[in-house]
Student: 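One structure coming up, written as structure tokens, with questions to follow.
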There are 2 protein chains.
Amino acid sequence: MNHSAKTKQPDISLAICGYSRVLEIISDKWTALIIYALENGGVRYGEIERRIEGISKKMLTQTLRKLEWNGLVQRHITPTVPPMVEYSLTSLGGSLLQPMRELRQWGRDNYWHVEEARANYEAMSEK
Amino acid sequence: MNHSAKTKQPDISLAICGYSRVLEIISDKWTALIIYALENGGVRYGEIERRIEGISKKMLTQTLRKLEWNGLVQRHITPTVPPMVEYSLTSLGGSLLQPMRELRQWGRDNYWHVEEARANYEAMSEK
DNA sequence: CGGGATCCTACGAGATACTG
DNA sequence: CAGTATCTCGTAGGATCCCG
């Protein structure tokens, strides 16, 4: 009753692949860094901005909104003047930390292999 | 001797973060799907194309080249006419499978939470 | 303090056509 | 079969200025 039993392999569909769906959520340039900034608890807007080198207000706000929209981050406003806004991970957001840490670790352990491969590839192309 | 001992937290730097480096490698639209297509061994160009729904020759070739450049995939040509080209994961590429599978699993398990959060967020905005 | 509104541009990626 | 070569377009993301 399911997909093509006679052909060698099932299709790989972008629309259905769990990985693609995760990427849609966490592959924006600043998303992961913001999640890491929040991994130890709630942090104020300005403090996140200070912690992450090079991020602009626009990108910070935009990325936080998307994280909120996806249910990974929650926003808590204390209506003083001026206002104080604190962001924190939801439990859904927290559940992403473990798998993300593993990818990060892979990057730390293996990035030099990647750089080596690139140098090698380019050396080959020139000959 | 290291970074600012008196300020509350060390900076989070895009350039240095292991996670950002991994994203640089595997966040392209088709990259993960190609890696999955190769997870059980070498596959020919045309076969990858058939397995991945919706990919164009241009994107397939371009993504394969980048994967090769990064040392994750290797290319083996049998110079018959017409030529036969087989791609397979290197050991470096294979080492990415485990962490990627975990993210994929997260997507499968939690995507419905994300969709729920989105619906909720939008319902809030309208009021 | 914590944003929002605009403008601009580089680049990812699709469509289409051609080739050894 | 396994690619290249162009053309085009949408959008992510940076810069800048303004606001309650």
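Quick caveat, the model's predicted, so the values are computed rather than measured. In the text below, chain A, chain B and the rest are named by the order of the sequence lines, each starting its count at 1.
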Student: Is the base of C:dG14 touched by the side chain of B:K58 through a donor-acceptor pair closer than 3.5 angstrom?
Tutor: yes
Student: Scan A:K57 against the nucleic acid and name what it touches under 4.0 Å (heavy atoms): base, sugar-phosphate only, or nothing.
Tutor: base
Student: Nearest of C:dC1, C:dG14, C:dG20 to any side-chain atom of A:R44?
Tutor: C:dC1
Student: Give a yes/no on whether any side-chain N or O of B:R50 is located under 4.0 angstrom from OP1 or OP2 of D:dA2.
Tutor: no
Student: By nearest atom, which of the nucleotides D:dC1, C:dA13, D:dG20 is closest to the B:P82 side chain?
Tutor: D:dC1
Student: Nearest to the A:R65 side chain among C:dG4, D:dG3, C:dG20, which nucleotide is it?
Tutor: C:dG4
Student: Does D:dC1 have OP1 or OP2 under 4.0 Å away from a side-chain N or O of B:Y87?
Tutor: no
Student: Taking A:T90 for the side chain and A:G71 for the main chain, is one N or O donor matched with an acceptor at less than 3.5 Å?
Tutor: yes
Student: State plainly whether the residues A:R65 and A:E68 are in salt-bridge range, i.e. N to O under 4.0 Å.
Tutor: yes
Student: Using a heavy-atom cut-off of under 4.0 Å over every strand shown, decide if A:T61 touches base, sugar-phosphate, or nothing.
Tutor: sugar-phosphate
Student: Side chains of A:K66 and A:N70: closer than 4.5 Å at any heavy-atom pair?
Tutor: yes
Student: Do A:N120 and A:E116 get their side chains close enough for a donor-acceptor pair, meaning under 3.5 Å?
Tutor: no
